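Below you will find the structure I want to go over with you.
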Amino acid sequence: MSAPPWEQWNLDAKFLEDLSRWEDDNPESRVDKVLDKLCSANERGKEFFELIPDGTFPARGLFMALAHLVLLAKEITSANREIFLFTNEVVQWIKRIQRAFAANKKKWIRRSFTRQTWENLQEMRDIIDDICQWAAKCLFDSHRPFWEKLKTSKAIETFKNRMTEARKVFHDLEIIKQSQAIDIILNFLHIMRKDQKKIFRTIHRMKSEQQRQLNEILAKLDEAEAKFQEAEAAKERRKEFDHLLSKQAVQDPTHEAQGKRACAKETRLGYLDEIKHWASDVTSSSGNFLWLTGDPGCGKSAITASLVEHSRDNNTLWAEFFINRNNRNTTNPNSYFPTIVHQFAKRLSPEDQDRFYDQLLPASGNMSKFPTTMSSEQAQELFVKAIYIASRLNHGQPIVIIIDGLDETDKIHLGSTATIISNLFASLSDCPNAKVFISSQTEDEIRNPFAHSMQGGNHVKKIHLDTTASFDEVASYMCKSLMQIWKENTLPADKWPKDEVLDSLANHASGLFIWAVTAIEFFRQQVRERGHERLSFLLNDLTSKGSLDINALYGYIIIETYSQSGTADDSDANWVYETFRRLVGAIVVLSEPLPLGDLGHLLNLRQPLPASTEVDVIQFARRLRTILINGTEAVTSETIPRLHRSFIEYVTSDQIDNHFQVDVRSSHCELGICCLIQLTQVHLATASYWMPAVFRYASRFWLHHLSSSELANGILSTYPITNIHDIQSLKQMASTKISVPPTGLVVSSSSVIISVLDQTCAWDINSGLIAGGVSLAKIKLNKLPKRAHSRLSRSQAWVSPPAIVGTLPSSSAQIGWALARDQIGLWDINADKEMLPLTTFSHAK
């Protein structure tokens, strides 16, 4: 059979997809509408075939074929009905196939529209094409007789029978759909059977890979968990170590907190330049240590404070520790290295701080074995090791550590402390950027070990402040300061002191800055209080005197201050002198600085009966501010008195007039008893867990003051507490509110137990925290017998009746004690003798 006169068309997936897309885009040219146009058309020839859409119409080949059947029907009217029905049936059948194909949305299902189905559809396409080719031959074959065309109906019937036989393969659309599903399943089963082993191998390989990945994830999780646990443990160790350091460290040993002022402008420039050059020189030849020495008052602390400020400004200061004999917290050498290392840590960033602590911590992690007292072990394990770590963290940059007033260390430990520090001189040679500055007087306890360790090496640079060399500088400072006083008070120029007066002042100072500073502040105060005439008198008066050293200057200031009020000839002169001794004595022996308001509250110093007027501590300090107060700020209840070491040595020595001489032991005794009185007078109804400064001071230092007085053996050592077994339980109990005054008191080295009726309260000495709520029976406090009260009241030796009485339990006797305003008594209660006071601390001379 020759090729048909129309385009080849195939009843396949592409045909059905293209036909669906065409009808969606061109609804007016659907196949049924195209067939209707052909059947109803009157055109013949070329115009008839132009009714079929051209271009992208996917069924153009099919409809070109069917068009020949339609033309044949129009030629043979007797067969046109059968032909039209046949062509319509063909088109409707194709549309059903198209809809069934389009219903399968998923592409992989359409592609699997069964192999057998596509074969059957192709057979149907061939039947349709054969019929259309027969119609074309009937129309255009001029050699065939016309009567053969009359057999058209029979031929069509024959083709219809062939098509019916072909459609028996799938009778209707339901069978087609079922065959689709079955063929898909069969197709998958075929593939699975074919590749079953391959699939199993792939699954096994995937499971193995997943297991490997899971094992890796679990291993990483275990590693991460171990690292987390290790990090948490390290964090806890660092926290514990930081807590250990902070407990031992002094909270604020800076020069500001200890009342040390830097050098005045344009003074000590030569020394400061030399020291600054050493501090910035990180070469191995410059030495790790610098020891600044000099006599009291020559300006060591001022130079040290200036170095601190300079090092802060250029960010090289890592630690500073100003030792102050008036602050016992700073004189304990056990706190020196922990404080310095704690300041190291606070200076670092959080990341560097962690590295710092990790390297500094003991390898065992056992904090209990870490040295907590000043020793060679502590020096190496804490101080030296910390400097090496800091040196690596801050490589090439100076690490400046400043210690001022080493000679003010507790005298009991000064020699051993100096020896331990001197043994460190050669231990930092591998850290050329470590710069340790130490200032002190040349006490034998310091000079001997330092001199021995300085032999045969350049580890230590020593600078001695020579007062002879600073003579001109001190003279210049005094001249400039006097000019400042002249400007501040607009004094007349013709009153400016003559050169011989200035020279005399310079000779008196003899290069001591403390002399110059004290004299200038005294001049400034006198001008402010009594006018410029007073200044002229003082300048001339001082010039007329011979040699006037620092002690003579202190004496001169005291005498001039008290002579102004004329009290030297008054009947109450003795009380005036006693007030001086007791107030200044209290400041001398204070274990830590107290503001004037708190100091007055602690002493509660009152004039003798009958006046009993409270002493104005603030006014007292204002009159003597030249020697009691640093700086020029107004003196208030918040002002903290500061005494120079040279004045302390003078006021407690035999060089001072005995009216003003301070007895250190008596001052300790008074403060100790004042502390005990404070402890017994606190009303807990209004008290908080954290006590006021006065009470906290009393709870921390009463033992020290009494131990430093002549009462130490009688009160604290001979009669230890033996019947208090559970002090720790007291600390854990809630505060007890007490509305009545205490009736008895028991003291020990760790706590103060105050009894009130049937209850007791305990104060922890170190923290000032209150605990309570324990019955009297548990503590077994002893009350003072009635006969003891009667003997006490009959005694004529008490200046005033004792306000507080109690007992101290003892294994050998029952010891009674009493506190009056200025007296303390201690005796054997059962002894048949008068209950006399043990001592009176009125400081009477």
Side-chain angles (χ1 to χ4, degrees), residues 254-255 260 262-263 265-294 298-322 336-337 340-341 343-344 347-348 352 356 379-380 383-406 418 421-440 442 446-447 450-466 469-470 473:
T254 61
H255 74 283
K260 307 293 186 180
C263 298
K265 290 184 178 180
E266 305 301 322
T267 62
R268 320 318 296 267
L269 298 180
Y271 288 119
L272 286 173
D273 288 343
E274 183 178 2
I275 294 171
K276 290 175 183 177
H277 180 268
W278 164 84
S280 62
D281 187 356
V282 295
T283 62
S284 57
S285 60
S286 69
N288 297 112
F289 289 82
L290 190 149
W291 181 26
L292 180 69
T293 64
C298 65
K300 297 185 298 298
S301 293
I303 290 177
T304 306
S306 295
L307 177 61
V308 167
E309 295 179 356
H310 170 75
S311 301
R312 280 180 186 168
D313 292 341
N314 59 22
N315 199 32
T316 59
L317 179 67
W318 281 66
E320 60 172 309
F321 198 113
F322 279 72
Y336 293 174
F337 295 147
I340 289 171
V341 173
Q343 290 185 29
F344 272 29
R347 186 187 190 278
L348 295 169
D352 284 343
F356 177 74
Q380 291 294 329
F383 183 69
V384 173
K385 193 174 179 180
I387 288 179
Y388 269 85
I389 298 169
S391 178
R392 290 192 294 269
L393 291 174
N394 201 51
H395 182 69
Q397 297 299 316
I399 298 173
V400 179
I401 303 116
I402 295 174
I403 302 173
D404 178 68
L406 183 61
I421 293 177
S422 68
N423 291 334
L424 301 177
F425 287 166
S427 61
L428 301 179
S429 56
D430 293 334
C431 302
N433 59 332
K435 316 299 287 187
V436 183
F437 178 95
I438 301 172
S439 70
S440 75
T442 53
I446 301 175
R447 182 177 62 250
F450 273 34
H452 177 74
S453 297
M454 289 168 61
Q455 295 176 358
N458 63 342
H459 308 295
V460 183
K461 178 183 180 68
K462 181 181 178 183
I463 298 178
H464 181 74
L465 298 182
D466 187 352
S470 59
E473 194 171 14

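Predicted model only: the values in this text are computed from it and were never measured.
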Shortest non-hydrogen contact from Ile446 toward Ala418: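 Residues Ile446 and Ala418, closest heavy atoms: CA-CB, 3.9 Å.
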
Smallest separation among heavy atoms of Asp466 and Tyr271, with atom names: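 Closest approach of Asp466 to Tyr271, heavy atoms only: N-OH, 3.3 Å.
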
Worked check of side chain to side chain contact (heavy atoms under 4.5 Å, CB included) between Ser439 and Ile403: CA-CA 7 Å; Ser439 70; Ile403 302 173; over 6 Å; no

Inter-residue atom distance Lys276.NZ - Ser311.OG, 0.5 Å rounding: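 If I round to the nearest 0.5 Å, the distance is 9.0 Å.
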
Test log, rule side chain to side chain contact (heavy atoms under 4.5 Å, CB included), inputs Leu290 and Lys435: CA-CA 8 Å; Leu290 190 149; Lys435 316 299 287 187; over 6 Å; no

Verdict with supporting geometry, Phe450 and Phe425, side chain to side chain contact (heavy atoms under 4.5 Å, CB included): CA-CA 9 Å; Phe450 273 34; Phe425 287 166; 3.8 Å; yes

Minimal non-hydrogen separation, Ser429 against Tyr388, with atom names: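 Heavy atoms only, the tightest pair is N-OH, 4.4 Å.
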
Residue pair Leu424 / Phe289: nearest heavy atoms and the distance that separates them: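 Leu424 and Phe289 have their closest heavy atoms at O-CE1, 3.5 Å.
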
Beyond-backbone contact of Asn315 with Arg312, side-chain heavy atoms, under 4.5 angstrom: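 A side-chain contact under 4.5 Å is absent here.
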
Atom pair OG/CG of Ser440 and Leu406 - distance to nearest 0.5 Å: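 The OG atom of Ser440 sits 5.5 Å away from the CG atom of Leu406.
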
Residues, nucleotides or ligands: over 12 heavy atoms within 6.0 Å of His464 NE2: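 Check passes, neighbour count above 12.
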
Phe322 and His255 aromatic ring geometry - parallel, tilted or perpendicular at 30°/60° bounds: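 His255 vs Phe322 ring planes: tilted.
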
Test: Lys461 cationic atom under 6.0 Å from Trp278 six-membered ring centre, within 45° of axis: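 No, cation not above the ring by the 6.0 Å, 45° rule.
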
Parallel, tilted or perpendicular: rings of Trp318 and Phe344 (30°, 60°):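 Perpendicular: the ring planes of Phe344 and Trp318 meet at over 60°.
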
Non-hydrogen side-chain atoms of Thr316 and Ile399 separated by less than 4.5 Å: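 The answer is no, as the side chains (C-beta and beyond) never meet within the 4.5 Å cut-off.
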
Stepwise side-chain hydrogen bond (donor to acceptor under 3.5 Å, both in side chains) test for His310 and Asn314: CA-CA 7 Å; His310 170 75; Asn314 59 22; 3.2 Å; yes

Under 3.5 Å donor-acceptor, Ser286 side chain and Val282 backbone: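 No: the side chain of Ser286 does not pair with the backbone of Val282.
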
Over all atoms of both residues, closest heavy-atom pair of Asn288 and Ala434: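 Closest approach of Asn288 to Ala434, heavy atoms only: ND2-O, 3.0 Å.
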
With sequence neighbours excluded, residues passing side chain to side chain donor-acceptor pair (under 3.5 Å) with Asn433: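 Only Ser391 meet the side chain to side chain donor-acceptor pair (under 3.5 Å) criterion with Asn433.
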
Exercise: do Thr293 and Lys300 side chains pair donor with acceptor under 3.5 Å: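 No, no side-chain donor-acceptor contact under 3.5 Å.
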
Euclidean distance, Leu317 CG relative to Thr254 OG1, rounded to 0.5 Å: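 Result: 10.5 Å between the selected atoms.
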
Full working for side chain to side chain contact (heavy atoms under 4.5 Å, CB included) between Ile387 and Leu428: CA-CA 8 Å; Ile387 288 179; Leu428 301 179; 3.9 Å; yes

Closest non-hydrogen atom pair between Thr267 and Leu272, with its separation: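 Closest heavy-atom pair between Thr267 and Leu272: O-CD1, 3.9 Å.
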
Ser427 OG to Phe383 CZ distance, which is reported to the nearest 0.5 Å: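 Ser427 atom OG to Phe383 atom CZ measures 8.0 Å (nearest 0.5 Å).
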
His459 vs Met454 side-chain heavy atoms within contact, under 4.5 Å: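 No, their side chains stay 4.5 Å or more apart.
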
CD on Glu309 to OG1 on Thr304, rounded to 0.5 Å: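 Answer for the OG1-CD pair, Thr304 versus Glu309, is 11.5 Å.
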
Criterion side-chain hydrogen bond (donor to acceptor under 3.5 Å, both in side chains) on Asn394 and Arg347, from CA distance to verdict: CA-CA 12 Å; Asn394 201 51; Arg347 186 187 190 278; 5.2 Å; no

Contacts of Ser285 that satisfy side chain to side chain donor-acceptor pair (under 3.5 Å) - sequence neighbours left out: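 If we apply the side chain to side chain donor-acceptor pair (under 3.5 Å) test to Ser285, skipping adjacent residues, the hits are Thr283.
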
Phe337 side, atom CZ; Gln380 side, atom CD - distance, nearest 0.5 Å: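 Answer for the CZ-CD pair, Phe337 versus Gln380, is 9.0 Å.
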
Heavy-atom check, side chain of Ile438 versus side chain of Leu292, under 4.5 Å: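 Counting from C-beta outward, Ile438 and Leu292 never come under 4.5 Å.
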
